[in-house]
Amino acid sequence: MSKPTPNHFIRSIAKNDLANGKHDYIYTRFPPEPNGYLHLGHAKSICLNFGLAEDLGGKCNLRFDDTNPEKESMEFVESIRDTVEWLGFEWDQLCFASDYYERLYQFALELIDKGLAYVDELTPEEMREYRGTLTEPGKNSPHRDRPAAENRDLFERMRAGEFKEGEYTLRAKIDMASPNIVMRDPILYRVRYAHHYRAGDAWCIYPMYDFTHCISDALEGITHSLCTLEFQDNRELYDWILANITLEENLVGERGKLMPKQIEFGRSNLEYTLASKRKLIQLVKDGHVNGWDDPRLTTLVGLRRRGYTPQSIRDFCAEIGVTKKDATIEMTVLENAIRHDLEATAKRVFGVLNPLKLVITNYPEGESETFTVKNHPKDESMGTREIPFGREIYIDQDDFMLDPPAKFFRLGPGREVRLRYGYAVTCNDVITDDDGKVIELHCTYDPLTAKGQTPDGRKIKGIIHWVSAAHAVDAEVRVYDRLFKEPNPGAADDFVALINPESLQVFPDAKLEPSIKDADPEARFQFERVGYFCFDAVDNAADKLVMNRTVSLRDTWAKQSGK
RNA sequence: UGGGGUGUGGCCAAGCGGUUAAGGCACCGGAUUUUGAUUCCGGCAUUCGAAGGUUCGAAUCCUUCCACCCCAGCCA
């Protein structure tokens, strides 16, 4: 099922580092901030980091980059851990940047003592003015040349809680005229009187990302620190910090004094979806979707609930590749990945979403029979099952047309179709209600056509699925479509206006074959001729089945008929 | 207009001076089929952002130009 490991530029770099002896093994890390749920974009990073370690014989840590107490929580940590495990990856160590707070603090002191960091008291507004612009250099803060001893004293007092939020910051002393704005004396620490979900109230100063990340990598002995393109400018600072602190050999692991190397890759965006955390929050908060795990969302919890398998997501990530440019991926690539997996693994079953009763008038009343059918058309190992058949059955309304076009192979007045695995039936009467809506079909069956036979050799092109009315199991089936009408909703001013009003379609009266009742709640199915389905992990119950359509089958008829 | 990046078919993406420019998705044929599914076979870039140049030979090297993305949070 899984494809051969595709090569990409980061894999080449890592392999080369191994080949020339720079590293004995590679060590990566997946470093999310626990401030939200993971989405498909994270899956790319997870597959890259964990996959590279798996592939080249190395290790990968799961590290929570939790340096901003205001946004983070244990709920997110747990969800992220759970999702990484669900995808099938194992981390070497489970790490938290917050576990490094004390060491980080000591490194900050070292920079201060070396005259490479200073405490500043510029207000945020002043800070912005002093920073300069993209084309103009910044200027030095009046506090930049404070003596080291005074900086140390001030920084210790910052930690001790003597100052208000925003009053003081610790900044690296680099170059206010650097063409790279990241290097214009970046802030290393800020004062924040916020409760940290892990560190509690032990700290009132918190290290910034740029200071924390590189040191965390070094402490863990990471060899290749992979991140997205927008951090390219930050790499210079990453290297500067590591070059200016004293890392004892034992802290950088078995690779001696080699520093971790940051390598950036491009993000992948899926068409018709949103990845922006802010916008996702709005969708959830305003009730446009039903929670973070809404099956229309490309959060990993959403995809999971929708029925996507870990394998399909890993295959998808392998398929889109890893390059240095941001990519826009068509939805069909994701759909192909899940269809490919489920085609091979999903048990076949009959399900009618939109039932239309069909009465076989020449079939004896009160009688029934069962057909033994294959659970998979090609995989014999998946076995067989029994499906009951009787005088009254349900077929899908889509499989009948009052006035069908010539190429429509299904049922219509006077037409004959085969009931899959059963008999051929011919439609003689169409019963309509007062509004002219078709509510029932009267047909006759040909007893000689059992089991796919046609003794007279006539060709029956149309084959439809069905469920015995007397044995049918009721279910609610939810069918999903793209959440947005436009390929790039994130680019619009008002993305909410672009929501597809038909993104969720509920079939409250679906009729399923009885074997579904005994199925594993985790199982995935193909409703023959319709699509792939799974039980809804939240709303499904023994007394009320609720199923989700993961993805439809390819439908060349729908394409032809221009639906 | 400062700095950092990227440009290969509709969407991804291999390619690293000599290949008929991989592969996947999509699309278009056609075969098989008790799922209009699957599978199978065939088609789909004389051309690699553009223009020059180097070379026997360039998507790959050089020059210039063009387009797009990122950076001025006490977010990550």
Side-chain angles (χ1 to χ4, degrees), chain A residues 3 6-8 12 31-33 35 65-68 70-71 120 122-124 127-129 131-138 165-171 178-184 186-192 206 208-210 212-213 227-236 264 266 268 271 277 318-337 339-340 343-344 348 350 373 376-378 407-410 418-422 424 449 451-454 460-465 487 526-531 552-561:
Chain A
K3 316 206 153 105
N7 202 24
H8 51 71
S12 299
E33 182 187 13
N35 68 345
D65 217 343
D66 53 355
T67 56
N68 185 358
E70 279 148 340
K71 294 183 173 175
D120 204 352
L122 253 29
T123 65
M127 194 88 72
R128 197 181 320 121
E129 284 165 26
R131 190 153 34 224
T133 68
L134 295 177
T135 52
E136 298 158 330
E165 284 189 10
E167 208 173 350
Y168 286 95
T169 57
L170 181 72
R171 303 178 69 181
S178 172
N180 180 358
I181 291 172
V182 171
M183 299 299 276
R184 317 241 261 230
I187 291 173
L188 267 21
Y189 270 88
R190 74 284 213 189
V191 176
R192 202 106 310 169
Y206 289 92
M208 300 288 287
Y209 163 83
D210 284 305
T212 309
H213 205 92
C227 63
T228 41
L229 253 25
E230 69 270 26
F231 292 103
Q232 287 176 121
D233 290 345
N234 301 248
R235 187 175 63 236
E236 192 179 354
E264 311 85 12
S268 294
E271 284 189 340
K277 202 158 292 177
E319 203 55 66
I320 62 177
V322 178
T323 66
K324 239 167 151 33
K325 71 176 183 199
D326 291 323
T328 304
I329 313 294
E330 291 178 345
M331 191 70 96
T332 53
V333 180
L334 215 211
E335 291 177 344
N336 177 256
R339 284 196 186 111
H340 179 78
E343 155 60 27
R348 270 57 171 176
F350 281 170
V373 306
H376 188 103
K378 290 176 180 165
K407 297 283 273 292
F408 186 79
F409 305 150
R410 286 106 99 149
R418 173 171 294 285
L419 298 174
R420 174 147 231 242
Y421 295 125
T449 57
K451 297 188 169 127
Q453 297 163 330
T454 39
I460 303 171
K461 180 76 177 162
I463 298 153
I464 64 174
H465 58 99
Q526 183 195 98
F527 288 4
E528 293 209 38
R529 304 205 314 126
V530 181
S552 68
L553 250 36
R554 278 201 184 83
D555 190 347
T556 47
W557 165 245
K559 214 174 294 172
Q560 278 174 37
S561 58

remark   = Parsed dot-bracket for RNA chain B after applying the Watson-Crick and G-U rules with both distances under 3.5 Å and | for other-strand partners is .(((((((.[[[..)..(....]]].(((((.......))))).....[[[[[..)....]]]]])))))).....
note = The side chain to side chain donor-acceptor pair (under 3.5 Å) partners of A:E330 (sequence neighbours excluded) come to none
key: A:D210 CG to B:rC71 C1', straight-line distance once rounded to whole Å   = 12 Å
Give each protein N/O atom lying under 3.5 Å from an N/O atom of nucleotides 27-33 of chain B, with the pair distance.
from   : atom 1 : to     : atom 2 : distance (Å)
B:rC27 : OP1    : A:K559 : NZ     : 2.8

inquiry  = Taking any heavy-atom pair under 4.0 Å as a contact, classify A:T212: base, sugar-phosphate, or nothing.
reply    = nothing
message = Classify A:S268 by what it touches in the nucleic acid, base, sugar-phosphate, or nothing, heavy-atom distance under 4.0 Å.
response = nothing
query = Does A:R235 come within less than 4.0 Å of A:E264, counting only side-chain N to carboxylate O?
reply = yes
inquiry  = For a quick check of understanding: with a heavy-atom distance under 4.0 Å over all strands, which category does A:F231 fall into, base, sugar-phosphate or nothing?
reply    = base
ask   = Looking across every strand, which nucleic acid part, if any, lies under 4.0 Å from A:V322 by heavy atom: base, sugar-phosphate, or nothing?
value = sugar-phosphate
task = Would you please name every residue forming a side-chain contact (heavy atoms from CB on, under 4.5 Å) with A:P186, sequence neighbours left out?
result = A:A172, A:I174, A:L237
Sugar-phosphate, base or nothing in reach of A:F408, heavy atoms under 4.0 Å = base
task = For each nucleotide in nucleotides 4-9 of chain B, reading 5' to 3', give B when a protein heavy atom comes within less than 4.0 Å of its base, S when such contact involves only the sugar-phosphate, and - otherwise.
result = SSSSS-
ask   = Over how many whole Å does the gap from A:R529 atom CZ to B:rU38 atom P extend?
value = 14 Å
Distances under 3.5 Å between nitrogen or oxygen atoms of protein and nucleotides 72-74 of chain B:
from   : atom 1 : to     : atom 2 : distance (Å)
B:rA72 : O3'    : A:R131 : NH2    : 3.4
B:rA72 : O2'    : A:R131 : NE     : 3.0
B:rG73 : OP2    : A:R131 : NH2    : 3.0
B:rC74 : OP2    : A:R131 : NH1    : 3.1
B:rC74 : O2'    : A:R192 : NH1    : 3.4
B:rC74 : O2'    : A:R192 : NH2    : 3.4
B:rC74 : O2     : A:R192 : NH2    : 3.3
B:rC74 : N3     : A:G166 : O      : 3.4
B:rC74 : N4     : A:L122 : O      : 2.9
B:rC74 : N4     : A:G166 : O      : 2.7

task = Could you state the atom-to-atom distance from CD1 of A:I329 to P of B:rC12 in whole Å?
result = 6 Å
task = Select base, sugar-phosphate, or nothing to describe what A:Q526 touches, counting heavy atoms under 4.0 Å on all strands.
result = base
message = Say we look at B:rC12 and B:rU54: how far apart would their P atoms be, to the nearest angstrom?
response = 35 Å
ask   = By side-chain contact (heavy atoms from CB on, under 4.5 Å), which residues pair with A:R554, not counting sequence neighbours?
value = A:N336, A:R339
task = Kindly write out the residues that satisfy side chain to side chain donor-acceptor pair (under 3.5 Å) with A:T228, not counting sequence neighbours, or none if the list is empty.
result = A:E230
Atom pair distance, as rounded to whole Å: CZ in A:R184 and P in B:rG2 = 13 Å
query = To the nearest Å, how far apart are A:R339 CZ and B:rU39 P?
reply = 11 Å
ask   = With sequence neighbours left out, what residues match A:I181 under side-chain contact (heavy atoms from CB on, under 4.5 Å)?
value = A:R131, A:L134, A:R184
query = Quick one: side-chain contact (heavy atoms from CB on, under 4.5 Å) partners of A:D233, sequence neighbours excluded?
reply = A:N180, A:V182
note = Separation of B:rA26 atom P from A:D555 atom CG, nearest Å, is 14 Å
Separation of B:rG36 P from A:F409 CZ (nearest whole Å) = 9 Å
inquiry  = A:N7: which residues meet the side chain to side chain donor-acceptor pair (under 3.5 Å) condition with it, sequence neighbours left out?
reply    = A:R11, A:S12
Nucleotide B:rG24, atom P - distance to CG of A:N7 in whole Å = 18 Å
ask   = A:N35 near the nucleic acid: base, sugar-phosphate alone, or nothing, with a heavy-atom cut-off under 4.0 Å?
value = nothing
query = Under 4.0 Å: is that the gap between some side-chain N or O of A:T328 and OP1 or OP2 of B:rC11?
reply = no
ask   = Taking only residues two or more places apart in sequence, or in another chain, which ones meet A:H465 in a ring pair (Phe, Tyr, Trp, His ring centres under 6.0 Å)?
value = none
